[in-house]
Structures are given as structure tokens and as C-alpha cells.
There are 2 protein chains.
Amino acid sequence: MSMRPVESEPLLTPAEVAAMFRVDPKTVTRWAKAGKLSSIRTLGGHRRYRESEVRELLAGMIPEQRAADDQV
Amino acid sequence: MSMRPVESEPLLTPAEVAAMFRVDPKTVTRWAKAGKLSSIRTLGGHRRYRESEVRELLAGMIPEQRAADDQV
DNA sequence: TCTCAGTAGGGTAATTAGGGCA
DNA sequence: GCTGTCCTAATTACCCTACTGA
């Protein structure tokens, strides 16, 4: 059986993102609803997150978060 | 669920760090603002601390008298 | 088809940020 | 200088039930 290489972006589950930020999975959901983090939905309504975006946010390289950082 | 291995650094909450040093969480916040301790921010602005860094600082807490002894 | 950990949704408690003061 | 405490507002954690997905 042959699998044509379909380029897809690495996605993370809510639990995985939550673990990286050391927060509750529900908190990640709130970030998505608030538009602070873009999310992809499964056909059943569950959210998936782009690993690349999450890593950038963790590194503090996104404007939204830097705004919070700047008051330090 | 699979939980594909996502490499991320273990983080600590302000309360956890405060308990380890036996100080008020607010004091930990001041350490972070003073640059004595590096911090990562959640998307909501709350701080998270690197466990490895905290442990190193704890290990560096040397009793006054012992510090003097060490120079012998 | 069955199982069950994970997630969504909503509500309420607990932490944290920030400033100022002792 | 350094820490603890009081205050308000914002953010996050924990509770539940029902549905999703591997």
C-alpha cells in the first residue's frame, strides 16, 4: 500500500498544550475562545493546536504576549 | 489518547516556588521582576518558572558560616 | 460494537497581577 | 534594600454532565 506524502502541520491536543504551559486544559480552551491562540476543530468539535504557534508563544515571540511582558 | 511525546520544560507555579523557598508568592514575583529569576508567561499574564533553575538556586543557598568555611 | 480517557459546556472557588503601604 | 500584607481586577483551577475519538 502506498501513502502519498500529504504535508500536514503537527497538531497538539489540549492536554499537550496545557502541559507545556503548566496550566489546566480548560485554560487552553479559554485562550482559543478569546482568540489568543488559533485552533483547528475536529468534525466532532474538539480543538487541535498548531505546534509551531504554541512554541512561538512559549518563547514569547508573539505580539499579544509581548504586550503582557512589556510591563515588566 | 496517545499523548505523543512533546518535549517541553517542566514549569512551576508561583505558589510552588514560594513554598520551596518558604516565602510569599509575591516575593517570588519580585525576584522575577528584578531579573533574579527568569519567568515564562501564560497567555493571561501569569508567571511560570523553570523547575531546573529553581532547583539550582535552592542548591546555591549556602548558610553564612559555611560560605566562610568554603574559602579555606 | 464496546470501552474509556479526553474534551466541551457551564458554573463556582482559588491564585495571581498590580499598586501602594508598613 | 527586602519582605509581608491589604486591596481590586483579572486569570486560572476545580466541580459537574454529556459527547467525542482512538
Side-chain angles (χ1 to χ4, degrees), chain A, chain B residues 1-68:
Chain A
M1 102 190 247
S2 64
M3 286 288 271
R4 176 172 65 87
V6 178
E7 41 185 298
S8 64
E9 189 172 4
L11 298 178
L12 299 174
T13 65
E16 290 168 341
V17 177
M20 294 172 72
F21 278 95
R22 187 56 162 86
V23 295
D24 192 273
K26 286 301 197 57
T27 298
V28 179
T29 297
R30 253 183 280 104
W31 292 345
K33 283 207 270 188
K36 295 179 178 179
L37 176 61
S38 60
S39 64
I40 297 174
R41 294 281 204 141
T42 67
L43 299 186
H46 286 195
R47 296 185 180 84
R48 296 286 114 97
Y49 305 93
R50 305 177 192 280
E51 181 176 7
S52 57
E53 182 180 3
V54 171
R55 302 217 105 99
E56 287 178 351
L57 286 171
L58 260 178
M61 317 183 89
I62 303 294
E64 266 87 1
Q65 200 210 354
R66 296 206 29 103
D69 262 343
D70 288 344
Q71 44 187 328
V72 178
Chain B
M1 170 147 262
S2 38
M3 250 323 204
R4 143 172 95 87
V6 179
E7 57 209 71
S8 65
E9 191 171 6
L11 301 177
L12 297 174
T13 64
E16 290 170 339
V17 178
M20 293 170 72
F21 279 94
R22 248 295 209 163
V23 295
D24 193 275
K26 188 101 179 196
T27 298
V28 179
T29 297
R30 292 196 183 100
W31 292 345
K33 294 175 72 173
K36 296 179 178 178
L37 178 61
S38 62
S39 65
I40 293 176
R41 297 290 200 122
T42 67
L43 300 193
H46 285 199
R47 296 183 180 84
R48 295 285 113 103
Y49 304 94
R50 305 177 194 278
E51 182 177 11
S52 59
E53 184 178 0
V54 171
R55 294 203 178 282
E56 286 178 0
L57 288 173
L58 271 175
M61 291 203 322
I62 305 171
E64 304 289 329
Q65 1 183 75
R66 306 250 320 125

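Chain naming here is simple, since letters A, B, ... match the order of the sequence lines and numbering starts at 1 in each. If you're wondering where the values come from, they're calculated on a predicted model, not measured in any experiment.
- Counting non-hydrogen atoms under 4.0 angstrom, A:Arg47 reaches the backbone sugars and phosphates but no base.
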**Message:** Applying side-chain contact (heavy atoms from CB on, under 4.5 Å) to A:Arg41 and A:Arg47, what does each step give before you reach the verdict?
**Reply:** CA-CA 5 Å; A:Arg41 294 281 204 141; A:Arg47 296 185 180 84; 2.9 Å; yes
**Message:** I'd like to know whether A:His46 forms a side-chain contact (heavy atoms from CB on, under 4.5 Å) with A:Thr13, so could you lay out the CA-CA distance, the side-chain angles of the two residues, the decisive distance to 0.1 Å, and finally the verdict.
**Reply:** CA-CA 9 Å; A:His46 286 195; A:Thr13 65; over 6 Å; no
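- Proximity of B:Trp31 to the phosphate of D:dT3: a side-chain N or O atom is located under 4.0 Å from OP1 or OP2.
- When rounded to the nearest whole Å, the span between NZ of A:Lys33 and P of D:dT12 equals 13 Å.
- For the pair A:Leu37 CG and D:dT12 P, the interatomic distance rounds to 12 Å; values are reported in whole Å.
- Distance, B:Asp24 CG to C:dA22 P: 18 Å, rounded to whole Å.
- The 5' end of DNA chain C is approached more closely, in terms of each residue's nearest nucleotide, by A:Thr29 than by the other of A:Thr29 and B:Tyr49.
- The base-pairing partner of D:dG1, taking Watson-Crick or G-U wobble contacts with both distances under 3.5 Å, does not exist among the strands shown.
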**Worked verdict on B:Leu12 versus B:Met20 for side-chain contact (heavy atoms from CB on, under 4.5 Å)** = CA-CA 10 Å; B:Leu12 297 174; B:Met20 293 170 72; 3.8 Å; yes
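- Note that the CD1 atom of A:Ile40 and the CZ atom of A:Arg50 stand 4.0 Å from one another [nearest 0.5 Å].
- Of the two residues contacting DNA chain D, namely A:Val23 and A:His46, the nearest-nucleotide position lying further toward the 5' end is that of A:Val23.
- Rounded to whole angstrom, the span from the CG atom of A:Leu43 across to the P atom of D:dA22 amounts to 10 Å.
- In terms of phosphate contacts, A:Thr27 brings a side-chain nitrogen or oxygen within less than 4.0 Å of OP1 or OP2 of D:dA13.
- With rounding to whole Å, A:Ile40 atom CD1 is found 20 Å from D:dT20 atom P.
- When distances run from any side-chain atom of B:Pro25 to the nucleotides C:dG9, C:dT7, C:dT16, the shortest one goes to C:dT16.
- In this structure, CZ of A:Arg30 is placed 15 Å from P of D:dA10, rounded to the nearest angstrom.
- Taking atom CZ of residue A:Arg48 and atom P of nucleotide D:dT20, one finds them 14 Å apart after rounding to whole Å.
- When the side-chain nitrogen and oxygen atoms of B:Thr42 are compared with OP1 and OP2 of D:dT11, none of them lie within a distance under 4.0 Å.
- Across the protein-nucleic acid pair, B:Lys26 atom NZ and C:dA17 atom C1' stand 7 Å apart, rounded to whole Å.
- Salt bridge A:Arg22/B:Glu51: absent, no basic N to carboxylate O contact under 4.0 Å.
- From one end of the helix from C:dT3-D:dA22 to C:dG19-D:dC6 to the other, with five pairs defining each end axis, the axis direction shifts by 60° (rounded to 10°).
- Between the CG atom in A:Leu37 and the OG1 atom in A:Thr27 there is a gap of 12.0 Å [rounded to 0.5 Å].
- If you take CZ on A:Phe21 and CG on A:Leu57, they are separated by 5.0 Å, rounding to the nearest 0.5 Å.
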